[in-house]
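All remarks here apply to the structure that follows.
Predicted model only: the values in this text are computed from it and were never measured. One is the number of the first residue; the rest follow in order along the sequence.
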Amino acid sequence: MNKKQKKMLIRILAAAALLILLNFLPVEGWLRFLLYLLPYLIIGYDILLKAGKGIRNRQMFDECFLMAVATVGAIALAVYERSGDYTEAIAVMLFYQVGEWFQSYAVGKSRRNISDLMDIRPDYANMEQDGKLEKVDPDEVEIGSVIVVQPGEKVPIDGIVLEGSSTLNTAALTGESIPRDARAGDEIISGCINMTGVLKIRTTKEFGESTVSRILDLVENATSRKSRSEDFISKFARVYTPAVCYGALALALLPPLVRMAGMGLPADWGTWIYRALTFLVISCPCALVISIPLSFFAGIGGASKAGILVKGSNYLETLSQTRIVVFDKTGTLTQGVFEVNGIHHNQLEEEKLIEYAALAESASSHPISKSLQKAYGKEIDRSRVTDIREISGNGIIAKVDGTEVAAGNDKLMDRLGIPYVSCHCVGTIIHVAVNGRYAGHIVISDMVKPHAKEAVRALEKCGIRKTVMLTGDSGKVAEQVAGELGLDQVFSQLLPADKVEKVEELLKGKKENEKLAFVGDGINDAPVLGRADIGIAMGAMGSDAAIEAADVVLMDDDPVQIAKAIKISRKCMGIVYQNIVFAIGVKLICLALGAVGIANMWLAIFADVGVMILAVLNAIRALFVKKL
């Protein structure tokens, strides 16, 4: 609880205590009025000041104006009638402030949940100078610098581990409670907490471009993008508030005038003014104005807690209407890490074949070369490799320890006139020939993510009617992955522009109330992410361009989170619609009862404060997303 909330709570308790005490004091007349004015001013002075400021700025039609007019009018009516009954007016202001305090506490709790979750901004980075660690501002650390992260410290900047091994707590980034291991050569992202060993990291980004900075920027700006529901509430309040003010004025004036002029009856001004004041209290739209933005704020907070960053409430609303999900393949459904999956028809020992291929390819920076070197598992001695000739689109010919090694595709074997054995496996096939004789082939393929199949099934269960994959890979590879995962449709051998074209076709073919989501991670996916109704990017290892273009970012790169994001958005929107129907429905019923004199000030208090508290409590449910 902050200082402002504590101060308000003290005012509420003081006013309530005075009101109870005054009910037992036998005082009458002006002394009674002055004594009752004390708790009224204690609890309502700020509302009166805001109402006065609104009138001065000609922006009077808000809840402060309604509460001020209603309570001052009720007190004036009690003075006019000499009833001495000021309790209702003070109680209305008291309960209104209780509702405001409750709303402030609820919003504060939502903000604290997000702040605690996003408490990942590092205060410093350790740099080694003259054998000692010196703390510096992360903003001052340049790309390529070596920083040291000790146990218990946050990783301040993205980089690659040079020395050491440790366990990382990534819960604040991904929502994943299971720690991750990190060792020399691993990429590491900022915002993680180093739990065990000391790590030396070479930075690959500036602090402002690191993962932690991007996350904080996304969360801080998320509430600035309003949904259609929020825009509706803002427009509704601008029309509704002056309408009920003029309605209350008409209720106070017209019936008495009609009774006097048309019916020859007493005007009964007191009764109708009381009804008009009750009408004003009932009409206060704070339940809608407060609970709808709070519902979206809580929804964004709940999603962030699960490692899903939504850039605005408008995207949360669009996500809830998604019925078609289109995937990129590499890095999205597959790991984007090519590995050796098999060695076939080898005429040499398996280790020797891998050794020849890895050394021959060692001069290349191609992912295939890295896969071979990883499979080899030993340090590459470049001095063993001579006479390297790279044949574009074919492969490499080189001498390893004086032995001629050719490693490449079918075209290279045809070019050299070496008979080879075709492979039935799906993947990249590296044929190897030693001294002009075929030695066997190595199968390298991209691995499907462990939860990819589960992710597709989860999407089907939550009402996604069509899943599509777009990839630049060959038809054979694409069909194999799509079949394994159970996707509805696949398009292969696509350039980035072709992907945009395919998404355009899918957008034209969908139903009017349906939305299409595209999920990707690479630079080449940025145009499609921007074109889809909603773009979802992989945040842990995704490119900056993809994360910038996307509307939703999955911090742990797990495709299962897509279904969870959709469920969170639908829960949030369900709460929003519940609050709209409930608040407007109760208001209309109570307004009708107030106009005909059935509802008194106490019912008006329930219609205003009670409905607001119930709507705020309902909105807070959007924070809880663990069981979705």
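- At least one donor-acceptor pair under 3.5 Å links the side chain of Arg570 to the backbone N or O of Cys462.
- A side-chain donor from one of Asp158 and Ser190 sits under 3.5 Å from a side-chain acceptor of the other.
- For Ala622 against Ile575, the heavy-atom pair with the smallest separation is N-CD1, 3.6 Å.
- A side-chain donor-acceptor contact under 3.5 Å links Gln373 and Ser369.
- Taken from CD in Glu454 to NZ in Lys449, the straight-line distance is 13.5 Å, to the nearest 0.5 Å.
- At distances below 3.5 Å, at least one donor-acceptor pair connects side-chain atoms of Lys311 with backbone N or O atoms of Ala550.
- In this structure, the side-chain hydrogen bond (donor to acceptor under 3.5 Å, both in side chains) partners of Gln578, at least two apart in sequence or on a different chain, are Asn618, Arg621.
- Here His431 and Tyr438 bring their ring centres to under 6.0 angstrom of each other.
- Between the side chains of Asn194 and Ser166, at least one donor-acceptor pair of N or O atoms lies under 3.5 Å.
- In terms of modelled atom types and a separation under 3.5 Å, the side chain of Glu153 and the main chain of Gln150 share a donor-acceptor contact.
- Residues passing the ring pair (Phe, Tyr, Trp, His ring centres under 6.0 Å) test with Phe491: none are found, sequence neighbours excluded.
- Summarising the geometry of Ala458 relative to Ala563, their closest heavy-atom pair is CB-CB, 3.7 Å, with the distance given to 0.1 Å.
- The distance from atom CD1 of Ile442 to atom CD of Glu350, rounded to the nearest 0.5 Å, is 9.0 Å.
- At a threshold of 4.0 Å, the pair Arg465-Glu460 does not count as salt-bridged, since none of the basic side-chain nitrogens sits closer than that to a carboxylate oxygen.
- Judged by the 6.0 Å and 45° rule, Lys352 forms a cation-pi pair with Tyr356.
- Atom CD of Glu501 has 12 or fewer neighbouring heavy atoms from other residues, nucleotides or ligands inside a 6.0 Å radius.
- Counting only distance, with no hydrogens or angles, the side chain of Asp533 and the backbone of Leu516 share a donor-acceptor pair below 3.5 Å.
- Minimum heavy-atom separation, Val490 to Ala478: CG2-CB, 3.8 Å.
- Around CD of Glu505, the count of heavy atoms belonging to other residues, nucleotides or ligands within 6.0 Å exceeds 12.
- Residues Glu504 and Arg531 are paired through a salt bridge, judged by an N-O separation under 4.0 Å between the basic side chain and the carboxylate.
- Expressed to the nearest 0.5 Å, how far NZ of Lys154 lies from SG of Cys192 amounts to 12.0 Å.
- Taking both residues in full, the closest heavy atoms of Tyr376 and Ala358 are given as CB-CB, 3.8 Å, listed atom of the first, atom of the second, then distance.
- In the displayed structure, Gln335 atom CD is contacted under 6.0 Å by more than 12 heavy atoms of other residues, nucleotides or ligands.
- Formation of a donor-acceptor pair under 3.5 Å by the Thr471 side chain with backbone atoms of Ser492 is not found in this model.
- Atom NZ of Lys453 has 12 or fewer neighbouring heavy atoms from other residues, nucleotides or ligands inside a 6.0 Å radius.
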